[in-house]
Colleague: 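Below is a structure I'd like to ask you about.
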Amino acid sequence: MSLRLEHLNPEQLAAVTLGDEHALILAGAGSGKTRVLTTRIAWLIKNARVTPGGVLAVTFTNKAAREMLTRLGAMLPVNPRGMWIGTFHGLCNRMLRAHHRDAGLPQTFQILDSQDQLGAVKRLVKALDADEHRFPPREVQYFINARKEEGLRARDVALTDETTRRFADLYAAYDEQCQREGVVDFAELLLRSYELLARNELLREHYQARFRHILVDEFQDTNKLQYRWLKLLAGRQAAVFAVGDDDQSIYAFRGANVGNMADFERDFRVQKVIRLEQNYRSHGNILDAANALIANNRKRLGKNLWTAAGEGEPLRVFEAETDALEARWIVEEVQALVADGARRADLAVLYRSNAQSRVLEHALFSAGIAYRVYGGLRFFERAEVKHALAYLRLVASSDDDNAFLRVFNFPPRGLGARTLEQIQDAAKKNGTSLFAAIEGKAGAFRALIEDLRRETAELPLPEAIEHVVARSGLIEHYKNERDGADRIENLEELVNAAAAFSEEERAVESAEETDPLTAFLTHAALEAGEHQAGEGQDALQMMTVHSAKGLEFEAVFLTGLEEGLFPHEQSVAERDGLEEERRLAYVAITRARKRLYLSFAQTRMLHGQTRYSLPSRFLDEIPEGLMKWLTPRFAAQRARQALASVSQAWLTPRKKAPGFASPAAAGGFRVGQNVQHPKFGFGVIVDAEGQGNDARVQVNFGGQGVKWLAVAVAKLQAA
DNA sequence: TACTTTGTCCTTTTT
DNA sequence: GGACAAAGTA
């Protein structure tokens, strides 16, 4: 067992061998962050500065947590299971299970994923007769989660106006509902755990005394509540080792607060700030491009990556006329790379939003290239799996109304809206769960669940699940359905998943005393599972830029580099939105080891409409000398401009038919046309409405934004 | 009651 | 283009 400290660079070594003090490690992309983190833990334990039980390490993804455990297992002779290593949610869950009574929760509390949570909110909004248009469930859900992530309960919300008051009321009612049903959403896991520590001095002191070293991965992605949770847990005794990269903060939209890095330095009086700037992943040109791009951001702690690997190839830039042609080009390029001996799994196609994947998939599928799309529906989120889980949840905890409603009449058993209404009335009147309020016709359903509970009580988990799946009638139901075969296969897979969910895995996520079924349900909620089989297949990797964070590939295609898409139009309006988009682009670029392709299309089908866009401003922010244009620089765009000025002669104003989305003309201009404005410069018309003096056109001016202009007033010229 | 059709809405990113 | 809900039909 060697820690191989001699392979670390001086900064890495300094970080790994730091004493028992707080430290902030600014770890650039590809700088060996995970290695430093795990080696640090191993070093602490080896040098007897701490016992395995005295370490708490927290990550954002299950994958990162698993990787850390695996690496530690290879470095240390001790079983790393005793260590508290996991995601924020996983660790909070563990704590809440262990102290469920103090936390005011039933031992078998169930965890709501976002889908379940939305369902719960919808139910609530309906039950309270709130206006669904004024209080869209999605917004209510967002409101609740945002407040929880700020550490605020409904009673703590500042009632600035009537609408906020109503939202706060809904929040309060939602929490009551959850409490009644014995369920907990993601944000609640954290808030509950935080409140438990804050309120219960004994418990707090216990954990503060226990954890001597707290290590945090992806610190830039922590939200305010997570930061407070860490602070509380650290107390005065623990040394906090925070690793992060402000340039890779891409989750501000869901509450991540980069400011935590500065707060940490101040609050903890951090003496040691270590920068890891040597990059072991990418060639020089790729890094230079990333550095140049990110230099356009103002709010940075400052860092410049360098590599000893040599400059490598230039970045290859491709301009396509349409999204379909962009996809076709990617197919050809991938085929060429594979012909040259590249593994498909070493190639990645990245995009800003999931909607972009369809065209790409279509082209890849037609060409017979094996590919794998990350994101999308995951295993535990599939309808049939959720149904099976709902039965299991009712078996584990019958107060779970969400689960009840999901399978009450599924598969159909003749229980309709009227029966349900009766039960809901009875439940409301007696203040019980729906299950407890079952009456009349639905008695058979209650009997079914109770039978299942009895019959599975003594069975090992996989067999219990197999039994429930069979007896619930799900299999039978899907047999009669047209494409039910896949669903049945997934139900069988669920049994396998339960078998694979072994003793040791269980110990990571839950307190040891939790029963196997609840532990498995928790696992299903906290780790939605990869959605496709074929993990080991040599397939082209496709994913959003967000999901690519932390990964690396030999060659990367960064696609859809268009204004409005990347940077996304909705982000431009957000505070610091553009800087976040740029960080996103930075993350994308730094995924590539040897080769990076950048591509964009002039027109793209999005949401069933053709969109016309300008090349992304991010292309302008990369030094020309690092790039090699595969198409003449902005050639197609120029050709189109020429065409536009020629066609100008015969263009006549045309009334925009309602719902007619293709090029419509207004005041002599038409959608797709290139124009020039004295103040905003060059742009593309993306939409038009009205006629004559009322004609207005929406113009995408790239860096200057997207604007609606009255043709009669604005000094627009065809460009 | 169960299934199909129609209509309306949205549409960034995800632990 | 898709998800979901309301309305319509067997």
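Throughout, a chain's letter reflects where its sequence line sits, starting with A, and its residues are numbered from 1. Every heavy atom of this structure was used, including side-chain atoms; hydrogens, water molecules and symmetry mates were not.
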Colleague: Rounded to whole angstrom units, what separation is found between the NZ atom of A/Lys549 and the C1' atom of B/dT14?
Modeller: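 Atom NZ in A/Lys549 sits about 11 Å away from atom C1' in B/dT14.
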
Colleague: Would you classify A/Thr87 as touching base, sugar-phosphate or nothing, given that sugar-phosphate means primed atoms plus P, OP1 and OP2, and contacts are heavy atoms under 4.0 Å?
Modeller: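 The residue A/Thr87 makes no contact with any strand.
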
Colleague: A/Phe186 has an atom CZ; how far is it from atom C1' of B/dT14, in whole Å?
Modeller: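 In whole Å, B/dT14 C1' and A/Phe186 CZ are 10 Å from each other.
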
Colleague: Hey, is the side chain of A/Asn354 poking within less than 4.0 Å of OP1 or OP2 on B/dT12, counting only N and O atoms?
Modeller: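 No, because none of the side-chain N or O atoms of A/Asn354 sits under 4.0 Å from OP1 or OP2 of B/dT12.
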
Colleague: Using atom C1' in both nucleotides, what's the gap between C/dA5 and B/dT12 to the nearest angstrom?
Modeller: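 Taking atom C1' in both C/dA5 and B/dT12, they lie 24 Å apart.
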
Colleague: What is the distance, rounded to the nearest whole Å, between atom CZ of A/Phe410 and atom C1' of B/dA2?
Modeller: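 Roughly 12 Å, once rounded to whole Å.
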
Colleague: Output the single nucleotide from B/dT13, C/dG2, B/dA2 whose closest atom is nearest the side chain of A/Asn409.
Modeller: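 Within the option list, the nearest is B/dA2.
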
Colleague: A/Glu67 and side chain to side chain contact (heavy atoms under 4.5 Å, CB included): which partner among A/Thr34, A/Asp217, A/Thr61?
Modeller: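 Per the side chain to side chain contact (heavy atoms under 4.5 Å, CB included) rule, the option paired with A/Glu67 is A/Thr34, out of A/Thr34, A/Asp217, A/Thr61.
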
Colleague: Could you tell me which residues satisfy ring pair (Phe, Tyr, Trp, His ring centres under 6.0 Å) with A/His568, sequence neighbours excluded, listed by chain and number?
Modeller: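 None.
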
Colleague: Using the six-membered base ring of B/dT13, report whether A/Phe253 stacks on it, requiring centroids under 5.5 Å and planes under 30° apart.
Modeller: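 A stacking contact exists, since A/Phe253 sits close and nearly parallel to the base ring of B/dT13.
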
Colleague: Roughly how many Å is it from CD in A/Gln356 to P in C/dG1, rounded to a whole number?
Modeller: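 Rounded to the whole Å, the gap is 16 Å.
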
Colleague: Checking A/Asp401 side chain against A/Phe404 main chain: does a donor-acceptor pair fall under 3.5 Å?
Modeller: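 Checking the backbone N and O of A/Phe404 against the side chain of A/Asp401, no donor-acceptor pair under 3.5 Å is found.
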
Colleague: In terms of side-chain heavy atoms of A/Arg358, which of B/dT14, B/dA2, C/dG2 is nearest?
Modeller: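 Closest nucleotide to the A/Arg358 side chain: C/dG2.
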
Colleague: Please examine the side chains of A/Phe557 and A/Ser599, heavy atoms only from C-beta on, and report whether any two atoms are closer than 4.5 Å.
Modeller: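 No - every pair of side-chain heavy atoms lies 4.5 Å or more apart.
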
Colleague: Take atom CZ of A/Arg406 and atom C1' of C/dC4, then tell me their distance rounded to the nearest Å.
Modeller: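 That distance rounds to 14 Å.
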
Colleague: 5'-most contact on DNA chain B: A/His477 or A/Thr544, nearest heavy atom basis?
Modeller: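 First, find each residue's nearest nucleotide; the 5'-ward one identifies A/His477.
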
Colleague: CD1 of A/Ile250 versus C1' of B/dT14: gap in Å, rounded?
Modeller: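 Distance, rounded to whole Å: 10 Å.
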
Colleague: What pairs with A/Ser366 under side-chain contact (heavy atoms from CB on, under 4.5 Å), at least two apart in sequence or on another chain?
Modeller: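 Expected list: A/His362.
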
Colleague: Closer than 4.0 Å, any side-chain N/O of A/Lys122 to the OP1 or OP2 of C/dC4?
Modeller: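 So the side-chain polar atoms of A/Lys122 never come under 4.0 Å of the phosphate oxygens OP1 or OP2 of C/dC4.
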
Colleague: With a 4.0 Å cutoff (strictly under), does any side-chain N or O of A/Ser547 reach OP1 or OP2 of B/dT14?
Modeller: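 Checking B/dT14 against A/Ser547, a side-chain N or O does come within under 4.0 Å of OP1 or OP2.
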
Colleague: Applying a 4.0 Å non-hydrogen cut-off, can you work out what A/Arg138 is touching in the nucleic acid: base, sugar-phosphate, or nothing?
Modeller: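 Answer is nothing: A/Arg138 stays at 4.0 Å or more from every strand.
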
Colleague: Quick check on B/dT11: is either OP1 or OP2 less than 4.0 Å from any side-chain nitrogen or oxygen of A/Ser353?
Modeller: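 The answer is no; no side-chain N or O of A/Ser353 sits under 4.0 Å from OP1 or OP2.
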
Colleague: Sticking with atom P, work out how far C/dC4 lies from B/dT13, rounded to a whole angstrom.
Modeller: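 It comes out at 15 Å once rounded to the nearest Å.
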
Colleague: Tell me the stems DNA chain B sits in, counting at least three consecutive Watson-Crick or G-U wobble pairs, each under 3.5 Å on both distances.
Modeller: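 Output for stems: B:1-10 with C:1-10.
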
Colleague: For A/Tyr251, answer base if it contacts any base atom (sugar-phosphate contacts may also be present), sugar-phosphate if it contacts only those atoms, and nothing otherwise; contact means non-hydrogen atoms under 4.0 Å.
Modeller: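 Since only primed, P, OP1 and OP2 atoms lie under 4.0 Å of A/Tyr251, the category is sugar-phosphate.
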
Colleague: Between A/Asp185 and A/Lys148, is there a side-chain heavy-atom distance shorter than 4.5 Å?
Modeller: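 The answer is yes, as the side chains (C-beta and beyond) meet within the 4.5 Å cut-off.
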
Colleague: In whole Å, I'd like the distance from the CG atom of A/Leu526 to the P atom of B/dT14.
Modeller: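 The distance from CG of A/Leu526 to P of B/dT14 comes to 18 Å, rounded to the nearest Å.
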
Colleague: Look at the side chain of A/Thr419 and decide which nucleotide, out of B/dT14, B/dT1, C/dG1, has an atom nearest to it.
Modeller: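 Output: B/dT1.
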
Colleague: Nearest 0.5 Å, what's the CG-CG distance between A/Asn260 and A/Leu230?
Modeller: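 The distance works out to 8.5 Å.
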
Colleague: A/Asp221 CG to B/dT13 C1': how many Å, rounded?
Modeller: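 Taking CG of A/Asp221 and C1' of B/dT13, I get 12 Å after rounding.
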
Colleague: Evaluate the side chain to side chain donor-acceptor pair (under 3.5 Å) criterion for residues A/Asn402 and A/Arg406: first the C-alpha distance (whole Å), next the side-chain angles of each, then the deciding distance (0.1 Å), finally the verdict.
Modeller: CA-CA 6 Å; A/Asn402 260 324; A/Arg406 183 176 271 277; over 6 Å; no

